[in-house]
Engineer: 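Have a look at this one before I ask anything.
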There are 2 protein chains.
Amino acid sequence: MAQDLKLTKNQSLVFDKLSAAPGPLSAYDLLDQLRDQGLKAPLQIYRALEKLQEIDLVHRLESMNSFVACAQPNCHAKTGLVAFAICEKCGVVSEFSDEVVQTRLAAWADERSFTTTKTSLEIRGLCQGCG
Amino acid sequence: MAQDLKLTKNQSLVFDKLSAAPGPLSAYDLLDQLRDQGLKAPLQIYRALEKLQEIDLVHRLESMNSFVACAQPNCHAKTGLVAFAICEKCGVVSEFSDEVVQTRLAAWADERSFTTTKTSLEIRGLCQGCG
DNA sequence: ATGCCATACGTTATATCATAACACAATCCA
DNA sequence: TGGATTGTGTTATGATATAACGTATGGCAT
């Protein structure tokens with residue numbers, strides 16, 4: 001509910017749902033949960049998600065086709081690297097960032113004149129509680 | 001065509017196609033290309049891919065729902081970390097591995113008693129030729 | 001305010017990716 | 001040789017994502 005200032009109605013609905021959720025949600029999970037508020041079609045969700053990702057309020061988890069609210073808005077998205085640890089049992093996602101990894105990958109890219117636009121780093125496994 | 005020794009017919013067909021391809025292929029790309037050889041249903045492809053991934057001959061690119069043959073079979077899959085740089089223009093995928101990144105992620109996990117089963121690391125952008 | 005432009009919205013249809021469930025065949029190996 | 005495991009073929013269905021179209025809304029320069 002925080003910085004909804006610039007957000008449109010659909011974007012706010014989607015962001016608020018994601019923020020309140022205990023774990024990642026798929027686009028269709030979101031759609032199901034937002035039918036009450038008048039959303040009816042997948043595109044309404046996907047468009048909101050697209051915008052939210054652009055402004056780094058939401059991240060997409062590539063390995064599970066789902067989405068999470070950013071844990072620290074305006075924080076480490078700027079660093080260019082956001083990483084996730086995903087518990088395959090309880091579904092909890094931990095977002096983190098690591099300078100060393102980031103630097104290392106930047107060096108790899110630089111050596112090869114590779115221009116990075118987006119990096120996704122996802123660790124799957126079992127969290128402390130579930131392991 | 002290399003170590004097909006243990007592979008079944010479908011697995012070989014899929015692996016050979018992927019090995020010969022200049023870039024990643026989706027399951028349905030593979031299906032289209034293998035209809036001549038008698039494959040008819042998506043499941044035949046997915047099952048072969050599943051097995052090939054288990055034995056580390058094939059990797060899945062999470063960020064694009066497609067698959068590549070492993071560049072160095074029996075090599076850095078063992079290290080527990082395989083990374084990919086994907087050119088969004090020409091589609092070329094570079095597979096690499098990095099000890100430092102791997103160590104760093106292992107440390108992160110260890111500190112939190114997170115048991116890693118699989119890590120995916122994908123860098124998207126433009127390769128030297130396309131940048 | 002008026003007009004323009006960019007962005008967002010709503011809707012229908014369709015494309016793309018992936019698995020469930022079931023029956024049968026091949027292979028391993030005790 | 002027979003039981004277990006793994007692979008196969010097939011049909012059906014589920015899940016994820018985008019194309020294409022027209023309308024509406026909001027910022028902002030004139």
Side-chain angles (χ1 to χ4, degrees), chain A residues 3-18 21 23-68 86 88 91 118 120 122 124, chain B residues 3-18 21 23-68 86 88 91 118 120 122 124:
Chain A
Q3 51 280 87
D4 295 16
L5 305 172
K6 313 168 179 175
L7 301 185
T8 67
K9 173 167 151 282
N10 289 1
Q11 288 159 15
S12 293
L13 288 170
V14 168
F15 179 68
D16 288 348
K17 267 297 176 212
L18 274 181
L25 296 175
S26 74
Y28 283 78
D29 289 340
L30 285 163
L31 179 56
D32 286 344
Q33 296 191 25
L34 289 171
R35 284 192 200 278
D36 295 347
Q37 342 283 317
L39 298 205
K40 295 173 182 170
L43 257 195
Q44 297 176 287
I45 305 294
Y46 282 107
R47 288 201 275 228
L49 287 171
E50 183 178 23
K51 187 62 181 181
L52 291 167
Q53 288 177 261
E54 275 174 30
I55 58 182
D56 289 316
L57 285 181
V58 162
H59 301 296
R60 174 188 170 83
L61 299 177
E62 303 288 353
S63 68
M64 56 191 304
N65 299 323
S66 61
F67 304 84
V68 287
I86 303 164
E88 293 179 316
K118 190 181 185 233
S120 80
E122 299 175 20
R124 321 215 23 149
Chain B
Q3 52 279 88
D4 295 15
L5 306 171
K6 312 168 179 174
L7 301 185
T8 67
K9 173 167 152 282
N10 289 0
Q11 288 159 14
S12 293
L13 288 170
V14 169
F15 180 69
D16 289 347
K17 268 296 176 209
L18 274 181
L25 296 175
S26 74
Y28 282 77
D29 289 340
L30 285 163
L31 179 55
D32 288 342
Q33 296 189 26
L34 289 170
R35 284 191 200 280
D36 296 347
Q37 342 284 319
L39 297 205
K40 294 173 183 170
L43 257 194
Q44 296 176 289
I45 306 293
Y46 281 108
R47 289 200 277 226
L49 286 170
E50 183 179 23
K51 187 63 179 180
L52 291 167
Q53 288 177 262
E54 275 174 29
I55 58 182
D56 289 315
L57 285 181
V58 162
H59 301 297
R60 174 188 170 82
L61 299 177
E62 303 288 353
S63 68
M64 55 191 305
N65 300 323
S66 61
F67 304 85
V68 287
I86 302 164
E88 293 179 316
K118 191 183 183 226
S120 81
E122 299 175 19
R124 321 218 19 154

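Bear in mind that the values here come from a model prediction, so they are computed numbers and not experimental data. Here is the naming used below: chain letters follow the sequence lines, and residue numbers restart at 1 for every chain.
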Engineer: Atom CD1 of A/I45 to atom P of D/dT16: distance rounded to whole Å?
Structural biologist: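 In whole Å, D/dT16 P and A/I45 CD1 are 13 Å from each other.
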
Engineer: Hey, which of these two, B/P42 or A/D29, hits DNA chain D nearer its 5' end, going by closest nucleotide?
Structural biologist: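 This one resolves to B/P42.
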
Engineer: Verify the contact: side-chain N or O of A/N65 to OP1 or OP2 of C/dC17, cut-off strictly under 4.0 Å; return yes or no.
Structural biologist: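 Checking C/dC17 against A/N65, no side-chain N or O comes under 4.0 Å of OP1 or OP2.
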
Engineer: From CG of B/L7 over to P of C/dA26, roughly how many Å is that when rounded to an integer?
Structural biologist: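 After rounding, the gap between these two atoms is 19 Å.
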
Engineer: Check for a donor-acceptor pair, side chain of A/Q44 on one end and backbone N or O of A/L39 on the other, with a separation under 3.5 Å.
Structural biologist: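 Such a contact is absent between A/Q44 side chain and A/L39 backbone.
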
Engineer: To the nearest Å, how far apart are B/E50 CD and C/dT19 P?
Structural biologist: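 Atom CD in B/E50 sits about 8 Å away from atom P in C/dT19.
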
Engineer: Using whole Å, what does the distance between atom P of nucleotide C/dT27 and atom NZ of B/K6 come to?
Structural biologist: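 Answer to the nearest Å: 17 Å.
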
Engineer: May I ask you to verify if any side-chain N or O of B/T8 is less than 4.0 angstrom from the OP1 or OP2 atom of D/dT6?
Structural biologist: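 It does not, given that no N or O in the side chain of B/T8 lies less than 4.0 Å from OP1 or OP2 of D/dT6.
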
Engineer: Please give, in whole Å, the distance from C/dA26 P to B/Q11 CD?
Structural biologist: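 The answer, rounded to whole Å, is 16 Å.
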
Engineer: Report all interatomic pairs (protein N or O, nucleotide N or O of nucleotides 21-25 of chain C) with separations under 3.5 Å.
Structural biologist:
none

Engineer: In whole angstrom, what separates A/M64's CE from C/dA18's C1'?
Structural biologist: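 From A/M64 CE to C/dA18 C1': 15 Å.
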
Engineer: With a cut-off of less than 4.0 Å, is there a side-chain N or O of B/K51 near OP1 or OP2 of D/dG7?
Structural biologist: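 B/K51 to D/dG7 OP1/OP2: side-chain N or O found under 4.0 Å.
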
Engineer: Ion pair present between B/R47 and B/E50, side-chain N to carboxylate O less than 4.0 angstrom?
Structural biologist: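 No, B/R47 and B/E50 are not salt-bridged.
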
Engineer: Taking C-beta and beyond as the side chain, do B/S26 and B/N65 meet within less than 4.5 Å on heavy atoms?
Structural biologist: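 In short, these two side chains do not touch, never coming nearer than 4.5 Å.
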
Engineer: With the criterion set at under 5.5 Å between ring centres and under 30 degrees between planes, would D/dT16 be stacked on A/Y28?
Structural biologist: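 Here the ring of A/Y28 and the base of D/dT16 are stacked, with centres under 5.5 Å and planes under 30°.
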
Engineer: Please report, rounded to the nearest Å, how far the P atom of C/dA15 is from the OH atom of A/Y46.
Structural biologist: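 It is 17 Å, rounded to the nearest whole Å.
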
Engineer: Please determine if a side-chain N or O atom of B/Q44 lies less than 4.0 Å away from the OP1 or OP2 oxygen of D/dG9.
Structural biologist: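 Yes.
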
Engineer: Nearest nucleotide by nearest heavy atom, which residue falls closer to the 5' end of DNA chain C, B/S66 or A/G38?
Structural biologist: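 Its nearest nucleotide being more 5', the pick is A/G38.
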
Engineer: Base, sugar-phosphate, or nothing for B/A27, non-hydrogen atoms under 4.0 angstrom?
Structural biologist: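 No contact.
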
Engineer: For the pair made of CG in B/L30 and P in C/dA18, what is the distance, rounded to whole Å?
Structural biologist: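 Distance, rounded to whole Å: 11 Å.
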
Engineer: Kindly compute the distance separating CE (B/M64) from CD1 (B/I86), expressed to the nearest 0.5 Å.
Structural biologist: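 Answer for the CE-CD1 pair, B/M64 versus B/I86, is 5.5 Å.
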
Engineer: Run the salt-bridge test on A/E62 and B/R124 with the 4.0 Å N-O cut-off and return the result as yes or no.
Structural biologist: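 Not counted as a salt bridge, because no side-chain N and carboxylate O are separated by less than 4.0 Å.
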
Engineer: Please examine the side chains of B/Q11 and B/V14, heavy atoms only from C-beta on, and report whether any two atoms are closer than 4.5 Å.
Structural biologist: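 A side-chain contact is absent here, since even the closest heavy-atom pair is not under 4.5 Å.
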
Engineer: Within the side chain of A/Q37, is there an N or O that forms a donor-acceptor pair under 3.5 Å with the backbone of A/L34?
Structural biologist: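 Checking the backbone N and O of A/L34 against the side chain of A/Q37, no donor-acceptor pair under 3.5 Å is found.
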
